[in-house]
S.K.: 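I have a structure here, written as structure tokens, and I will follow up with some questions on it.
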Amino acid sequence: MEIYDDYQCPVCLEFEQGDNGAFVRELAVKGEIAVMIHPMTIFQDDMPITRENSRRALIASLCVRDPSKWLRYHDELYAHQPDELQKGGFPNEQLVQLASKVGIPAEEFAECLTSPETAKRADDVTALGFSRGVEGTPTIRYQGQDLDWSINWRETGQG
């Protein structure tokens with residue numbers, strides 16, 4: 001299963017904190033499915049404030065180099081998602097604090113946040129998502145097919 005999401009997307013938050021998000025994690029923990037999460041910035045130049053918030057969070061997620069801490073940081077980003085139109089949402093100071101909260105060294109993390117190389121990687125992973133036909137987030141794909149994340153998979157047997 002592939003999940004394309006955006007940390008600034010309120011609908012992605014709904015998926016992450018909803019029953020389907022929990023169901024996907026349960027299946028992954030049981031070893032019944034493999035899950036690949038592809039964070040990206042779905043918002044573009046027509047929404048500059050939202051795009052910048054999203055991009056800062058995406059860059060931060062790329063700075064988590066310890067795989068055992070990545071999902072915890074991912075969850076923290078969603079738990080602290082600012083309003084879509086909040087100027088300066090996901091400020092670097094907060095992103096560093098969240099990293100420290102999950103056990104990531106602050107100094108190394110802060111350096112990565114401001115690195116031009118990390119910013120380029122963020123733009124590259126976003127471009128990759130678009131090149132794979134992602135038009136909105138969340139996009140949930142299983143065996144190459146997009147799933148309707150808005151219906152309860154436990155009840156319908158679609159997960």
Side-chain angles (χ1 to χ4, degrees), residues 1-86 89-90 94-95 98-99 102 104 112-113 115 117-159:
M1 177 171 283
E2 293 182 90
I3 301 173
Y4 293 86
D5 63 1
D6 183 321
Y7 295 113
Q8 184 58 76
C9 166
V11 181
C12 296
L13 175 63
E14 186 180 329
F15 171 78
E16 284 290 324
Q17 295 181 345
D19 192 53
N20 286 341
F23 186 51
V24 167
R25 287 183 188 218
E26 288 170 24
L27 294 175
V29 167
K30 291 178 185 176
E32 294 178 19
I33 62 169
V35 178
M36 174 72 82
I37 300 172
H38 303 281
M40 62 183 289
T41 298
I42 198 69
F43 301 99
Q44 295 304 300
D45 294 335
D46 60 332
M47 296 184 72
I49 290 172
T50 308
R51 180 185 191 290
E52 286 307 309
N53 294 349
S54 169
R55 190 168 180 264
R56 274 190 297 280
L58 173 58
I59 288 169
S61 75
L62 296 173
C63 290
V64 181
R65 296 187 175 121
D66 182 341
S68 68
K69 294 176 181 163
W70 190 87
L71 190 58
R72 288 177 44 214
Y73 192 75
H74 169 89
D75 291 347
E76 286 295 327
L77 289 172
Y78 276 115
H80 293 88
Q81 183 185 84
D83 181 80
E84 240 180 314
L85 300 175
Q86 176 185 327
F90 287 124
Q94 179 189 35
L95 296 169
L98 296 176
V102 301
I104 299 167
C112 179
L113 277 178
S115 162
E117 291 82 17
T118 309
K120 179 167 179 356
R121 280 183 50 222
D123 294 340
D124 290 347
V125 298
T126 291
L128 181 62
F130 285 124
S131 76
R132 292 179 175 170
V134 174
E135 296 177 3
T137 54
T139 292
I140 316 298
R141 290 195 175 138
Y142 184 69
Q143 297 179 341
Q145 299 296 312
D146 289 359
L147 301 179
D148 181 353
W149 66 270
S150 67
I151 59 173
N152 189 303
W153 295 338
R154 285 182 211 270
E155 292 174 6
T156 61
Q158 289 191 26

S.K.: Do the non-hydrogen side-chain atoms of Leu77 and Leu95 ever get within less than 4.5 Å of each other?
M.R.: yes
S.K.: Identify the two heavy atoms, one from Glu84 and one from Thr50, that lie closest to each other, and give their separation to 0.1 Å.
M.R.: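 What the structure gives for the nearest pair is O-OG1, 2.6 Å.
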S.K.: To the closest 0.5 Å, what do you measure between CD (Gln17) and CD (Gln81)?
M.R.: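 Answer for the CD-CD pair, Gln17 versus Gln81, is 8.5 Å.
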S.K.: Applying disulfide bond (SG atoms under 2.5 Å apart) as the test, list every pair that has at least one member in residues 9-39; sequence neighbours left out.
M.R.: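 The answer is none; no pair qualifies.
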S.K.: Taking only residues at least two apart or on different chains, which pairs with a member in residues 128-139 satisfy side chain to side chain donor-acceptor pair (under 3.5 Å)?
M.R.: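 Listed by first then second residue: Tyr4-Arg132.
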S.K.: Quick one: list whatever passes ring-ring contact (aromatic ring centres under 6.0 Å, His included) with Tyr73, sequence neighbours left out.
M.R.: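 If we apply the ring-ring contact (aromatic ring centres under 6.0 Å, His included) test to Tyr73, skipping adjacent residues, the hits are Phe109.
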S.K.: Working to the nearest 0.5 angstrom, can you tell me the gap between Leu58 CG and Arg121 CZ?
M.R.: 9.0 Å
S.K.: Measuring only between side-chain heavy atoms, which start at C-beta, is Asp5 closer than 4.5 Å to His74?
M.R.: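 Sidechains of His74 and Asp5: in contact.
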S.K.: Is there a salt bridge (Lys or Arg N to Asp or Glu O under 4.0 Å) between Arg25 and Glu16 once you walk through the steps?
M.R.: CA-CA 10 Å; Arg25 287 183 188 218; Glu16 284 290 324; 3.2 Å; yes
S.K.: Does the side chain of Leu147 reach to within under 4.5 Å of the side chain of Trp153, using non-hydrogen atoms?
M.R.: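 Yes, at least one pair of side-chain atoms sits under 4.5 Å.
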S.K.: Grab the two heavy atoms, one from Phe15 and one from Ile3, that are nearest each other, plus how far apart they are.
M.R.: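 Smallest interatomic distance, heavy atoms only, reads CE2-CD1, 4.0 Å.
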S.K.: For Ala119 and Arg55, which heavy atoms make the closest approach, and how far apart are they?
M.R.: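 Ala119 and Arg55 have their closest heavy atoms at CB-NH2, 3.4 Å.
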S.K.: Looking at side-chain heavy atoms only, is the closest gap between Met1 and Arg141 below 4.5 Å?
M.R.: no
S.K.: What's the separation between atom CZ in Arg51 and atom CG in Asp6, rounded to the nearest 0.5 Å?
M.R.: 10.5 Å
S.K.: Please check if the distance between the ring centroids of Tyr78 and Tyr7 is under 6.0 Å.
M.R.: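 Here the rings of Tyr7 and Tyr78 have centres that are less than 6.0 Å from each other.
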S.K.: To the nearest 0.5 Å, what is the distance between CG (Leu62) and CG (Leu113)?
M.R.: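 Here the rounded value is 10.0 Å.
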S.K.: Without placing hydrogens or testing angles, list every side-chain donor-acceptor pair under 3.5 Å for residues 29-49, not counting sequence neighbours.
M.R.:
{"residue": "His38", "atom": "NE2", "partner": "Glu2", "partner atom": "OE1", "Å": "2.8"}
{"residue": "Thr41", "atom": "OG1", "partner": "Ser54", "partner atom": "OG", "Å": "3.2"}
{"residue": "Gln44", "atom": "NE2", "partner": "Thr41", "partner atom": "O", "Å": "3.1"}

S.K.: Once you round to the nearest 0.5 Å, how far does CD of Glu117 lie from CG of Asp124?
M.R.: 12.0 Å
S.K.: Looking only at heavy atoms, which two atoms of Val11 and Pro138 are closest? And how far apart?
M.R.: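 Answer, listing the atom of Val11 first, then Pro138: CG1-CD, 3.7 Å.
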S.K.: Does any part of the side chain of Phe90, heavy atoms only, come nearer than 4.5 Å to the side chain of Glu52, both counted from C-beta?
M.R.: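 No, their side chains stay 4.5 Å or more apart.
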S.K.: Pairs in or reaching into residues 35-83: which pass disulfide bond (SG atoms under 2.5 Å apart), with residues at least two apart or in two chains?
M.R.: Cys63-Cys112
S.K.: Does the side chain of Ile104 reach to within under 4.5 Å of the side chain of Val64, using non-hydrogen atoms?
M.R.: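 Of all side-chain heavy-atom pairs linking Val64 with Ile104, at least one is under 4.5 Å.
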S.K.: Could you name each residue pair satisfying side chain to side chain donor-acceptor pair (under 3.5 Å) that touches residues 56-67, not counting sequence neighbours?
M.R.: Asn53-Arg56, Asp66-Ser68
